[in-house]
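For reference, the structure is listed below as structure tokens.
Whatever order the structure lists them in is the order used to number ligands and atoms, beginning at 1. Atom set for the values below is all heavy atoms of this structure, side chains included, hydrogens, waters and symmetry mates excluded. The structure displayed is predicted, hence computed values, not measured ones. Start at 1 with the first residue, then count along the sequence.
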Amino acid sequence: MGIFLLYLISFTAHGQSVSENNAPIVEIIKPKANKKLKCNSLVPYSISVKDVEDGNSAYEEIANFEIILLSKYLEDSSLATEYLENINKDLEPLFAMSKSTCLSCHAATHKLIGPSFDMISKRYNDQENAKTYLVEKVIAGGSGIWGEVPMLPHPGLSKQEVGFLIDWILSQADNPTQFYIGGAGAFKTKEVQTISNKSVYILTAAYEDHGISDDSKSKKHGTHSIKLMIGK
Ligand code: HEC
């Protein structure tokens with residue numbers, strides 16, 4: 001007990017300077033910035049993550065399912081600044097879900113084992129008690145609403161943690177955030193009828209590290225965003 005107290009006191013006295021967690025360095029290797037993409041096509045991507053504490057994705061030291069790519073279509077490139085200023089609204093819930101189990105069963109706009117986030121949002125976003133119901137359902141698990149396949153229970157998550165995720169899921173009806181998991185893969189560009197020369201795609205690669213001793217307050221994230229042109 002004495003030693004423990006001593007440790008506490010010295011830790012508090014030194015504060016953050018004892019050992020500061022380094023932020024990860026994230027880079028989109030492929031595609032190259034400003035490349036022109038074709039609409040309705042598959043675009044291969046790859047991401048590099050380097051973190052002093054967690055490791056280097058080149059040596060498979062980074063958990064692949066914790067690397068996130070967001071792809072956002074904007075009709076006018078002048079909207080990019082505002083979009084990027086608010087990107088944490090999408091990244092925070094996605095980081096939390098990538099560290100839980102959710103993203104192995106749920107995707108942005110297509111059904112995996114469970115319904116997509118835009119389908120869930122369209123079904124519930126105008127219902128008054130949806131949030132309370134969905135928080136309880138995620139914690140307890142269950143089946144029968146979307147089909148016979150059950151969602152596993154998540155007893156380790158608090159109502160507050162799940163509530164934060166549900167708020168975001170319920171906001172995904174109209175302009176869902178397209179996200180992809182993993183350091184390499186392909187994303188699909190939209191089918192658009194009329195493309196002006198102002199239309200762009202913004203790609204953002206992101207990784208949140210594990211901080212020091214998994215202390216959530218010391219976690220840091222790294223992001224890298226690039227702009228791509230889009231044409232027929
Ligand atoms: C093992 C796969 C699996 C995992 C992991 C999973 N889900 Fe689900 N989820 C499902 C299935 C299947 C359904 C459909 C259940 C039904 O039909 O009642 C579902 C339904 C939902 C619904 C809608 C519930 C309803 O009654 O309409 C929400 C919201 C949801 N999941 C969120 C989450 C969140 C958040 C996580 C992570 C904490 C998560 N899910 C993890 C498979 C999963």
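- Under the 4.0 angstrom criterion for non-hydrogen atoms, Leu103 is not in contact with ligand 1.
- Listed by atom number, the atoms of ligand 1 under 4.0 Å from Ile113 heavy atoms are 12 (C).
- When only modelled atom types and interatomic distance are considered, Asn21 and Ser218 share no side-chain donor-acceptor pair under 3.5 Å.
- Near Gly142, with a cut-off below 4.0 Å to any heavy atom, the atoms of ligand 1 are 15 (C), 18 (O).
- For the residue pair Ser71 and Leu203, the shortest heavy atom distance occurs at CB-CD2, 3.5 Å.
- Contacts between Thr101 and ligand 1, counted as non-hydrogen atom pairs separated by less than 4.0 Å, involve both the backbone and the side chain.
- Partner Lys220 forms a salt bridge (Lys or Arg N to Asp or Glu O under 4.0 Å) with one of Glu20, Glu53, Glu208 and no other, that one being Glu20.
- Residue contact check for ligand 1: Pro150 places a non-hydrogen atom closer than 4.0 Å to it.
- Checked by distance only, ligand 1 and His154 stay at 3.5 Å or farther apart across all their nitrogen or oxygen atoms.
- Residue-level proximity to ligand 1 for Ile145 is carried by backbone and side chain together, each with a heavy atom below 4.0 angstrom.
- If you look at atom 8 (Fe) of ligand 1, the protein N, O or S atoms less than 2.8 Å from it are His106 NE2, Met151 SD.
- Each of the atoms 38 (C) of ligand 1 lies under 4.0 Å from some heavy atom of Leu157.
- With a 4.0 Å cut-off on non-hydrogen atoms, Val162 does not touch ligand 1 at all.
- Side-chain N/O atoms of Ser116 and His106 include no donor and acceptor closer than 3.5 Å.
- Near Tyr124, meaning under 4.0 Å from one of its heavy atoms, ligand 1 places the atoms 25 (C), 26 (O), 27 (O).
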